[in-house]
Amino acid sequence: MDFSITEQQKSLRAEIIHFARQELNEGVVARDKEQVFSHAHWRHCAGTGILGFPVDQCYRGRQLDALSTAMALEALGYGCTDGGLVFSLCAHLLACVVPIWKHGNDEQKQKYLPGLCDGSLIGMHAMTEPVAGSDPFAMATRAEPEGNGWRINGTKTLISNGSVGDVAIVYALTNPQKGFHGGSTAFLIDRNTQGFSLGENFNKLGLRTSMLSELHFDNVSVPESAILGTVGGGSSIFTTAMDWERTLLGASLVGTMERLLETSIQRARKRFQFNQSIGKFQAISHKIADMKVQLEAARLLTYQSAWRLDHHKSASLDAAMTKLFVSESLVKSALDTVQIHGGYGYMTDYEVERALRDAIGSTLYSGTSEIQRNIIAQWLGI
Ligand SMILES: Cc1cc2nc3c(=O)[nH]c(=O)nc-3n(C[C@H](O)[C@H](O)[C@H](O)COP(=O)(O)OP(=O)(O)OC[C@H]3O[C@@H](n4cnc5c(N)ncnc54)[C@H](O)[C@@H]3O)c2cc1C
């Protein structure tokens, strides 16, 4: 594995950081307070190709390999201080666009990818249900054959981009006897389909500029052409979504960790107490040293997992390790950043408490830390 950065990747990184700082950060404190999703910022991101980083150019993507996508999302997480926007973009790209790009037939790719990449459509990925969170085997949403298609009934909850999304990948049981593996199917369902309605919009601790909602499917009729992949193949679509999301959303969090490290170093140098900079106190400098070690380890895990995605090797173990380590390191880094800033770190205008609030969700979404540990243990034969 060679992770030396090419000139192309270097200029991509510079481009994304410059774009994010210029275009995405203004007004984020107010948007976070009001819990506002910004369609204008979304459209700006579409202009840079963020919404379709790995997708082929013929579908209006930027055709980056997974490692370059990781570096570009890392740059986004570093340059953009709106954690909710970055999260929404990643959920759209990694759990909706990528599975369509990887598993969709030509007709589905033509229908959805150009719009998802150019910003005219927003994607969702709907797995979680009120009684089926960590345990997809408890899924209650059903799809039953109806004429030349399927009739879907059920409720999905905690769905990112729920109130603003246009198309959702929705998992339903097509063969309850077989359960999730072999008995679940992924459907592409448009927002305006009759019977598809929006439930509760959740208020959240963090990621407040990203919308999270409940979705209801009440006798929703879809044609056979709405099936993504194969009947009974839902678990393989889900694996693709999670391998990409756990790896590459992780990349954006690595970028955030780097930003928090720099913010902490600046504060440690500039803030004087007891006639010296606080960075001279070992209690502070050791926190910063630990942040640096965690950042570099997190980046290497992320790049390794992205490399495996590029080389078509199974990435599920690497993705779980990346997700677990990056999210827990991010939470720790964000907590330390608040501590290093003292009382000011607790104040909204310093924009450090928001990073902590945004970070906490990372140990929950895309499978909790406990579930990542279960997956890793399973791969180790335990
Ligand atoms: C910000 C955010 C965005 C999200 N976006 C989406 C989305 O776009 N699409 C989507 O489908 N879902 C989404 N989710 C839902 C997310 O995937 C679930 O919250 C997550 O899988 C956990 O399910 P749960 O909340 O029902 O918790 P539960 O499964 O009820 O878990 C509760 C606790 O029990 C632990 N636990 C459960 N089972 C085990 C076990 N076997 N071993 C050890 N511990 C266990 C969990 O780790 C957790 O600590 C999102 C969640 C958040 C917070």
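Quick caveat, the model's predicted, so the values are computed rather than measured. Every number for a ligand or one of its atoms is a count from 1 in the order of the listing.
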Around atom 28 (P) of ligand 1, find the nearest protein heavy atom and jot down its residue, atom name and distance.
Ser134 OG, 3.7 Å
Looking at the rings of His341 and Tyr346, which for Trp means the six-membered one, are their centres under 6.0 Å apart?
no
Where on Asn374 is there a heavy atom closer than 4.0 Å to ligand 1, on the side chain, on the backbone, on both, or on neither?
side chain
May I ask you to identify the nearest protein heavy atom to atom 25 (O) of ligand 1, giving residue, atom name and distance to one decimal place in Å?
Leu158 CD1, 4.0 Å
So, regarding Leu212 and ligand 1 (criterion: nitrogen or oxygen to nitrogen or oxygen, under 3.5 Å), is there a contact or not?
no
Please list, in number order, the atoms of ligand 1 under 4.0 Å from a heavy atom of Ile159.
7 (C), 8 (O), 9 (N), 10 (C), 11 (O)
Are Tyr365 and Phe87 an aromatic pair by the rule of ring centers under 6.0 Å?
yes
Has Asp190 got a side-chain atom pairing as donor or acceptor with Asn192's backbone, closer than 3.5 angstrom?
no
Candidate pair Glu214 and Thr155, rule side-chain hydrogen bond (donor to acceptor under 3.5 Å, both in side chains), full reasoning:
CA-CA 7 Å; Glu214 196 168 60; Thr155 294; 5.9 Å; no
Ignoring angles and geometry beyond distance, decide whether Met127 reaches within less than 3.5 Å of ligand 1 through its nitrogen or oxygen atoms.
yes
Within the structure, does at least one protein heavy atom fall under 4.0 Å of atom 33 (C) of ligand 1?
no
Please report whether ligand 1 has a polar contact with Glu370, defined as an N or O pair separated by less than 3.5 Å (distance criterion only).
yes
For residues Arg142 and Asn153, is any side-chain donor paired with an opposing acceptor at under 3.5 Å?
no
Enumerate the atoms of ligand 1 whose separation from the nearest heavy atom of Leu364 is less than 4.0 angstrom.
20 (C)
Ring-plane angle category for Tyr171 and His125, please: parallel below 30°, perpendicular beyond 60°, tilted otherwise.
perpendicular
Is it true that the side chains of Ser369 and Thr363 contain a donor and an acceptor less than 3.5 Å apart?
no
Do me a favour and list the nearest non-hydrogen protein atom to atom 46 (C) of ligand 1 with residue, atom name and distance?
Thr368 OG1, 3.7 Å
Name the residue from Asp65, Asp318, Asp243 that meets the salt bridge (charged side-chain N to carboxylate O under 4.0 Å, His left out) definition with Arg308.
Asp318
Can you tell me which residue and heavy atom of the protein come closest to atom 16 (C) of ligand 1, and the distance to 0.1 Å?
Thr128 OG1, 3.8 Å
Atoms of ligand 1 close to Phe87 [distance to a heavy atom under 4.0 angstrom, numbered from 1]:
3 (C)
Closest to atom 5 (N) of ligand 1 among protein heavy atoms sits Ser160 OG, 2.8 Å
Distance from atom 26 (O) of ligand 1 to nearest protein heavy atom, with residue and atom:
Gly133 CA, 3.2 Å
Protein heavy atoms: any of them under 4.0 Å from atom 38 (N) of ligand 1?
yes
Between Val331 and Ala359 the two heavy atoms that sit nearest each other are CG2-O, 3.6 Å
Less than 4.0 Å between atom 41 (N) of ligand 1 and some protein heavy atom, yes or no?
yes
Can you tell me how far OH of Tyr78 sits from CG of Leu261, rounded to the nearest 0.5 angstrom?
9.5 Å
Answer yes if the ring centres of Trp307 and Phe3 are under 6.0 angstrom apart, and no otherwise.
no
Return the closest protein heavy atom for atom 9 (N) of ligand 1 as residue, atom name and distance.
His125 O, 2.7 Å
May I ask you to identify the nearest protein heavy atom to atom 2 (C) of ligand 1, giving residue, atom name and distance to one decimal place in Å?
Tyr365 CB, 3.7 Å
